[in-house]
Undergrad: 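Quick one: the structure is below, questions incoming.
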Amino acid sequence: METGAVAMNNNNNIVNHHHEARATSTITIKGMLSLLMENIDENLDGGTKKVISLGMGDPTLTTLFHAPKVVEEAVADSLHSHKFNGYAPTAGLLQARIAIAEYLSRDLPYQLSSDDVFITSGCTQAIDVSVAMLARPGANILLPRPGFPIYELSAAFRGIEVRHYDLLPEKGWEVDLDAVEASADQNTAALVIINPGNPCGNVYSYHHLEKIAETAKRVGTIVISDEVYGHLAFGAKPFVPMGVFGSVVPVLTLGSLSKRWIVPGWRLGWFVTNDPSGTFREPKVVERIKKYFDLLGGPATFIQAAVPQIIANTEEIFFNKTIDNLRHTADICCTEIKDIPCIFCPYRPEGSMAMMVKLNLSLLEDISDDIDFCFKLAKEESVIILPVGLKDWLRITFAADPCALGEGMRRMKSFCQRHVRKL
């Protein structure tokens with residue numbers, strides 16, 4: 001029997017999709033969500049059981065998170081000015097680059113300039129640019145496990161070898177620095193970190209980031225710091241940008257308006273060189289980056305033009321409300337999980353919009369692994385959570401309406417009770 005072929009049974013779709021998901025290490029979050037949604041039983045409970053998706057990090061899908069009014073006004077002003085209907089420079093509008101440089105410099109011990117900033121179509125394009133910039137024969141890149149699958153997909157397309165280092169749940173998902181040193185060699189092009197963490201919900205301390213910078217310097221590589229959830233920290237540790245250590249090791253900072261301003265669909269991101277020592281300002285490096293951006297199309301010009309007004313006019317009260325809401329929904333998630341015996345949360349999230357939970361399969365019957373759990377949960381309870389490619393671990397997005405989040409957790413509890421192993 002060929003891989004993925006199965007005998008006809010009621011779980012045909014589950015088994016086929018399970019093989020597809022397990023066989024493809026570079027499947028994206030959206031790809032996995034599509035597979036899970038295909039497995040939803042629309043006839044469940046007479047079609048009255050509404051789908052609860054706790055898989056997609058899109059806060060606009062809830063009634064709890066909204067973009068501030070000043071954001072809409074800024075875009076409207078830009079559009080109605082009729083000044084921004086043409087092409088923007090390939091690196092981005094100058095006024096947007098200046099505004100982003102000033103915004104990021106608030107938290108740095110040095111000043112960024114517009115020349116350090118390139119505008120991208122969301123953080124996803126910034127990720128692909130950062131990987132493409134590093135591509136060369138024999139190159140490898142160090143990625144966190146668990147992490148964000150776009151990095152692996154981009155590396156696969158660029159012919160770059162992926163080497164994983166583990167994040168340590170018993171240490172608040174800190175980087176296993178010993179593993180980084182063991183994995184790196186003369187062909188290591190970059191070390192990727194995600195802070196605040198996706199999918200782990202962790203926030204790195206100043207001291208740990210300093211250790212990461214020192215380790216990267218010691219092994220002779222740069223750091224790519226994915227800060228798409230920058231400032232979305234609601235625990236004991238404040239958000240510290242990796243660029244603070246740009247004088248220790250060159251840092252490429254990736255970010256966007258998407259999460260902090262609740263506008264993921266606007267696709268306004270940035271690729272920023274944090275490098276006060278000037279490594280990235282060598283003529284060949286600058287020329288390579290500029291030429292690559294000549295190939296790309298950035299976000300809509302009128303949205304770029306709105307960036308200075310968005311950054312200048314968004315009040316702190318808006319950011320504080322977002323943080324309070326995320327803290328509240330994370331608390332709901334953690335509280336409800338305590339009543340589900342087969343799921344354990346080893347680390348209370350302190351940032352971003354997602355968290356990791358450990359699955360205890362020994363307490364369940366008829367569930368073969370984490371992917372099987374997710375597909376059967378979708379089919380039986382119309383609840384979507386995601387496997388992350390790490391054995392027996394699951395990702396839950398808590399940027400959701402509190403009532404939907406609570407209901408999703410209750411359905412998960414019912415599912416686990418239904419599949420509990422009989423003594």
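Start at 1 with the first residue, then count along the sequence. Keep in mind it's a predicted model, so treat the numbers as computed, not measured.
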Undergrad: Mark yes or no for whether Asp401, through its side chain, and Cys403, through its backbone, hold a donor-acceptor pair below 3.5 Å.
TA: no
Undergrad: Just checking Phe65 against Trp261, ring centres under 6.0 Å apart?
TA: no
Undergrad: Using the rule given for side-chain contact (heavy atoms from CB on, under 4.5 Å), can you reason through Thr215 versus Glu181, listing the C-alpha separation, both sets of side-chain angles and the distance that settles it, and then say yes or no?
TA: CA-CA 7 Å; Thr215 301; Glu181 294 216 41; 3.6 Å; yes
Undergrad: What pairs with Arg260 under salt bridge (charged side-chain N to carboxylate O under 4.0 Å, His left out), at least two apart in sequence or on another chain?
TA: none
Undergrad: So among Leu252, Thr273, Thr279, which one has a side-chain contact (heavy atoms from CB on, under 4.5 Å) with Ile222?
TA: Leu252
Undergrad: Step by step, work out the side chain to side chain donor-acceptor pair (under 3.5 Å) result for His164 and Glu152.
TA: CA-CA 10 Å; His164 289 106; Glu152 291 191 57; 3.3 Å; yes
Undergrad: In terms of ring plane angle, is the pair Tyr151 and Phe148 parallel, tilted or perpendicular, where the classes change at 30° and 60°?
TA: perpendicular
Undergrad: Check this for me: does any side-chain nitrogen of one of Asp331 and Arg348 sit under 4.0 Å from a carboxylate oxygen of the other?
TA: yes
Undergrad: Please examine the side chains of Met56 and Thr397, heavy atoms only from C-beta on, and report whether any two atoms are closer than 4.5 Å.
TA: no
Undergrad: Please tell me if the side chains of Val244 and Asp107 come closer than 4.5 Å, counting only heavy atoms from C-beta onward.
TA: no
Undergrad: Just checking Glu170: does its CD atom have more than 12 heavy atoms from other residues, nucleotides or ligands closer to it than 6.0 angstrom?
TA: yes
Undergrad: Can you find a pair of side-chain heavy atoms, one from Asp128 and one from Arg158, that are under 4.5 Å apart?
TA: yes
Undergrad: Grab the two heavy atoms, one from Gly55 and one from Leu386, that are nearest each other, plus how far apart they are.
TA: O-CD1, 3.4 Å
Undergrad: Are Arg327 and Asp324 ion-paired here, with the side-chain N under 4.0 Å from a carboxylate O?
TA: yes
Undergrad: Could you tell me if the side chain of Phe293 sits less than 4.5 Å from the side chain of Thr120, heavy atoms only?
TA: yes
Undergrad: Could you pull out the closest heavy-atom pair between Ser183 and Arg163, with the gap in Å?
TA: O-NH1, 2.7 Å
Undergrad: Can you measure from NE2 (His328) to CG (Leu405) and round to the nearest 0.5 angstrom?
TA: 9.0 Å
Undergrad: To the nearest 0.5 Å, how far apart are CD1 in Ile367 and CZ in Phe373?
TA: 7.0 Å
Undergrad: Locate the shortest heavy-atom distance separating Ala101 from Ser114; write the atom from each residue and the value.
TA: CB-N, 4.1 Å
Undergrad: Taking the side chain as everything from C-beta on, heavy atoms only, tell me whether Phe280 gets closer than 4.5 Å to Asp116.
TA: no
Undergrad: Using 0.5 Å steps for rounding, measure from the CG atom of Asn195 to the OG1 atom of Thr253.
TA: 10.5 Å
Undergrad: Would you check if Leu296 and Ser121 make a side-chain contact, meaning some heavy-atom pair closer than 4.5 Å?
TA: no
Undergrad: Step by step, work out the side-chain contact (heavy atoms from CB on, under 4.5 Å) result for Phe245 and Val251.
TA: CA-CA 8 Å; Phe245 304 100; Val251 176; 5.6 Å; no
Undergrad: Just by distance, do the side chain of Thr188 and the backbone of Ile141 share a donor-acceptor pair under 3.5 Å?
TA: no
Undergrad: With sequence neighbours excluded, what pairs up with Lys211 under the salt bridge (charged side-chain N to carboxylate O under 4.0 Å, His left out) test?
TA: none
Undergrad: Start with the C-alpha gap between Ser352 and Asn198, add the side-chain angles, then the distance that decides, and say whether side chain to side chain donor-acceptor pair (under 3.5 Å) holds.
TA: CA-CA 7 Å; Ser352 80; Asn198 177 24; 5.7 Å; no
Undergrad: Any salt bridge between Lys171 and Asp176, counting N to O under 4.0 Å?
TA: no
Undergrad: Checking Thr314 side chain against Ile311 main chain: does a donor-acceptor pair fall under 3.5 Å?
TA: no
Undergrad: Give a yes or no on whether a salt bridge exists between Arg410 and Asp339, defined as a side-chain N under 4.0 angstrom from a carboxylate O.
TA: no
Undergrad: How long is the span from the CD1 atom in Ile100 to the CG atom in Leu93, to the nearest 0.5 Å?
TA: 10.0 Å
Undergrad: How far does NZ of Lys358 sit from CD1 of Ile343, to the nearest 0.5 angstrom?
TA: 12.5 Å
Undergrad: Is any side-chain heavy atom of Thr301 closer than 4.5 Å to a side-chain heavy atom of Tyr87?
TA: no
Undergrad: From Phe271 CZ over to Tyr292 OH, what is the distance, rounded to the nearest 0.5 angstrom?
TA: 10.0 Å
Undergrad: After noting the C-alpha distance and the side-chain angles of Glu407 and Lys50, does the key distance pass the side-chain contact (heavy atoms from CB on, under 4.5 Å) rule?
TA: CA-CA 10 Å; Glu407 173 63 17; Lys50 183 179 178 181; over 6 Å; no
Undergrad: Centre-to-centre under 6.0 Å for Tyr229 and Phe239, is that the case here?
TA: no
Undergrad: Between Phe318 and Pro68, what is the shortest heavy-atom contact and its length?
TA: CZ-CD, 3.2 Å
Undergrad: Are there over 12 heavy-atom neighbours, none belonging to Leu295, within less than 6.0 Å of that residue's CG?
TA: yes
Undergrad: Backbone N or O of Ile194 within a donor-acceptor pair of the Tyr204 side chain at under 3.5 Å?
TA: no
Undergrad: Dump the intermediate steps for side-chain contact (heavy atoms from CB on, under 4.5 Å) on Glu102 and Gln111, then the final yes or no.
TA: CA-CA 8 Å; Glu102 291 177 350; Gln111 186 70 32; 4.3 Å; yes
Undergrad: Can you name the closest pair of heavy atoms from Ser382 and Arg411 and give their distance?
TA: O-NH1, 3.6 Å
Undergrad: Check whether any side-chain heavy atom of Phe398 lies under 4.5 Å from a side-chain heavy atom of Ile332, and answer yes or no.
TA: no
Undergrad: For Tyr110, look at atom OH and say whether over 12 heavy atoms of other residues, nucleotides or ligands are found less than 6.0 Å away.
TA: yes
Undergrad: What closest approach, in Å, do Gly57 and Arg395 show between heavy atoms, and which atom pair accounts for it?
TA: N-NH2, 4.5 Å
